[in-house]
Amino acid sequence: VTRDAALPTVDAGGADTAQMERRVPGVARPPLPRRGRARREKLFGIALVSPLVLIMLVIIAFPLANTVLLSLRNQGVIASPSAFVGFDTYRKVLGDPALWEAFGRSGIWLAGNLVVQTILAFVTALLLQRAGRWSRAARTWVLLPWVIPTVAVAVIWQWMTNSNYGIVTKALGLVGIDGVQFFADPTWALPTLIVMNSWHWFPLGAVIIYGALQTIPEEVYEAAAVDGANAWTTFWHITMPLLQPVLFALGLVGSLWSFNIVDSIYLVTRGGPAGSSTTAPVQIYDTAFKAFRASEAAAASVAAIVLLGILAWLYIRFAKPEEA
Amino acid sequence: MGAAAMALALVAAGCGGGSGGPGGGGDDTTLTLWHMEQPPHRVEAWQKIIDDYNATDPEFPVEQQVQDWNQIYSKIAGAVQSQTQPDILFTIPDFTTYVRPLGAVQPVTDVVEELDSEHGFLEAATAPYRDDDEYWAVPLYGMVQMLWYRKDLLEKAGVTEAPQTWEELRAAAEAGTADGQSGIALPAGKNLATDQVIYSFLLTNGAGQFFTEDGEVDFDKPEVVETFEFYDQLMDYSPKDSANYSWGEPQAAFNSGAATMAVEKGQYLMPFEEESGRPAADLGCEFIPQPAEGGQPGSIFYSNAAMVMSQDEERAEGAEAFLSYLLESDTYGDFLNAEPGLFLPLTEDGKTAESWTSHEVISTYRECVDKMLEQSETGALFGFVDGQYVDKIGNVSGQNILAQVIQRITVEGEDPADAVAWGEEQMKAAVEE
């Protein structure tokens, strides 16, 4: 056993290195000079992370760099000849009110999904936590909306809201509410899409929150009960604070994920009627693949990435839960 | 991140190769055919024809690969860039204007002229594919819109004659509207289905030409405004949620008896009896109604065709040989009957080919089929009217500008003249890009 293994060092990466070297007992090696050992450790570290860095370069950095380069050109049809135009494309795209209106709808879409999904997920998780046969059965079945393909979700919701044979339309008619055109009325299209999308995705949040609830020790609740805390106080002063890290991560990932959604909207309304459900990603998709203005779509994508980056930073800066 | 995903999609579209064929060259002797006809029965019917062709031991056998219309624009761009495009790509006129600038489409003038002399193409079939003194695709099958009506429901409403004019159509739609039943089911979503129905009415009002002889946009004119006003009036008798309707919803409403009339292509024939539970005799068809004064016959007409994209001369000849095989009398009917009634013959001898006429659907609805063939002769497609070839028409049709105009009128209550003026601006922007 080497001296290094017997007496672990505490310099950069020292703990890991000591553990590593402990795994080769009985191998005697001449002690390395301190500088040489540090260099070897550094190279070893680089070798370990280099595959990941390479993968990230290929699947993230290259497409992003390519998109930025594309946004500085005036390409129409994808892969067609184009010329470098500097920031002209950005001036055109950012000067178009339609893009900012689409960003506005994306804000509504994002906030709506965040609120509706969080409420649905939280309520479901709390119900799942209750003891009983129905709760145990529901833990499996609650995942059903999540496993249904998005195409099927779109078809189901269009059927349910169809004015001729939709069950929702008929049910509303029975209670005297006629004429609600869920996907055909600009007032209702985006809110209905938010509800549809939330119905599709809330089980994921519910399962994650349910899992987090399971990690809260029962003793904490028992102690609170001994101190006379009622259910409301227990929820706000024990459950919520202990769930903060999970809710924070769910909020961040879920929001960015929601912003990304094109398929649900496109399958049902294609951004209509009259543009009322055209969110930024839908607008970008239409620009690239319907209007065949690839560079403008790339510029709008870059703008969206910057905007989302700022929002994500603000969220982390102000909503990150304090360390315990 | 969403935008990052979109960025990935853009780059993938620009750089990615298709899974497709070796049209760009290679050792493989199999020709790859891409088409966008996804319904399984169509794929199955065409596979049988391909199998029969391959059984003749051609130098280049063929295999089909089914693509999605929503993805083909980005996929073919990537495939051409990486030289993995198919040898044969099915197309419609405006899609051809998109693909040609990518640089892999071969002129097929010789084979089209040869087939024309042998089978006799309709003028409307070949014209949209002629540019720069060459043909760029081999016409294969046509599609045309008609007015479909439920005889049982119209008779119940007191309408005994099929509407011929706009006024009669409006009156029939009003009469056919009852509790739980709409007089007509029209699409008004932001989609191609809406574009097509509006365009049929535009043609009957002499407003089908959106461009001047110089190729300038000429959309904002009284006949166009008048047609949109009429469509808006018809929407009063269409289901309340028509602003989100595409192809499927009007047909479902029609077959279920929730709508009395609809305007669409021949796909209404095959499923009618099964889905409606009514005898074939209850399905009526008529030419697209036209204005009583100054109207003219017309309907949107799509000549579907096949482009040859092989870069190797021998492979290109192999592709042309297969396309010629499809148009032979014995084969053509089976090819068309992949969707009987929707896919119409584009050749003179095809109209009478027994392989086509003997199909049960064609013989059952022979009267309607004949009307569709007659309507085809007055058919047109925007961007290709009167022999015109607008290079950037794909930019116009891709954005569903006609559908957006009607949505502004029916959904937002905008004045039709203002909405049409907006549409003209959009078309100008699309064409000038």
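Convention: sequence-line order gives letters A, B, ...; per-chain numbering from 1.
Within the 4.5 angstrom heavy-atom criterion, no atom of A/Val253 approaches chain B. For B/Gln404, no part lies under 4.5 angstrom from a heavy atom of chain A. For a residue to count as touching a neighbouring chain, one of its non-hydrogen atoms must lie under 4.5 Å from one of that chain's; by this rule A/Asp185 does not touch chain B. Contact of B/Gln181 with chain A is not made at all, since no heavy-atom distance falls under 4.5 Å. For a residue to count as touching a neighbouring chain, one of its non-hydrogen atoms must lie under 4.5 Å from one of that chain's; by this rule A/Tyr165 touches chain B with the side chain only. Only the side chain of A/Gln158 comes within contact range of chain B, with heavy atoms under 4.5 Å apart. Of the two parts of B/Ala252, only the side chain, counted from C-beta on, holds a non-hydrogen atom closer than 4.5 Å to a non-hydrogen atom of chain A.
Looking only at distances, a side-chain donor or acceptor of B/Gln38 sits under 3.5 Å from a matching main-chain atom of B/Gln67. Distance alone, capped at 3.5 Å, places no donor-acceptor pair between the B/Asn395 side chain and the B/Val431 backbone. In this structure, A/Thr89 contributes its side chain and A/Arg73 its backbone to a donor-acceptor pair below 3.5 Å. Using modelled atom types, no side-chain atom of B/Tyr268 and backbone atom of B/Asn255 make a donor-acceptor pair closer than 3.5 Å.
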Name every donor-acceptor pair, under 3.5 Å, that has one atom in a side chain of residues 106-114 of chain A and the other anywhere in the protein, sequence neighbours excluded.
unit_1	atom_1	unit_2	atom_2	d
A/Ser106	OG	A/Ala102	O	3.4
A/Ser106	OG	A/Ala280	N	2.8
A/Trp109	NE1	A/Ser258	O	2.8
A/Asn113	OD1	A/Gln117	NE2	3.1
A/Asn113	OD1	A/Asn197	ND2	2.8
A/Asn113	OD1	A/Ser198	OG	3.3
A/Asn113	ND2	A/Trp109	O	2.8

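Here A/Phe182 and A/Trp157 keep their ring centres 6.0 angstrom or further from each other.
Interface summary for chain B: among A/Pro273, A/Gly272, A/Gly76, the most heavy-atom pairs under 4.5 angstrom belong to A/Pro273. Ranking A/Gly275, A/Gly166, A/Ser163 against chain B, the residue ahead of the rest is A/Ser163, based on heavy-atom pairs under 4.5 Å. Per-residue counts of heavy-atom pairs under 4.5 Å with chain B were compared for A/Asn164, A/Val180, A/Val68; the largest is that of A/Asn164. Heavy-atom pairs under 4.5 Å with chain A were tallied for B/Tyr245, B/Tyr98, B/Tyr73; the largest tally goes to B/Tyr98.
For the atom pair NZ of B/Lys240 and OG1 of A/Thr169, the computed distance is 9.5 Å after rounding to the nearest 0.5 Å.
Aromatic ring orientation, B/Phe210 versus B/Phe219: perpendicular (interplanar angle above 60°, classes split at 30° and 60°).
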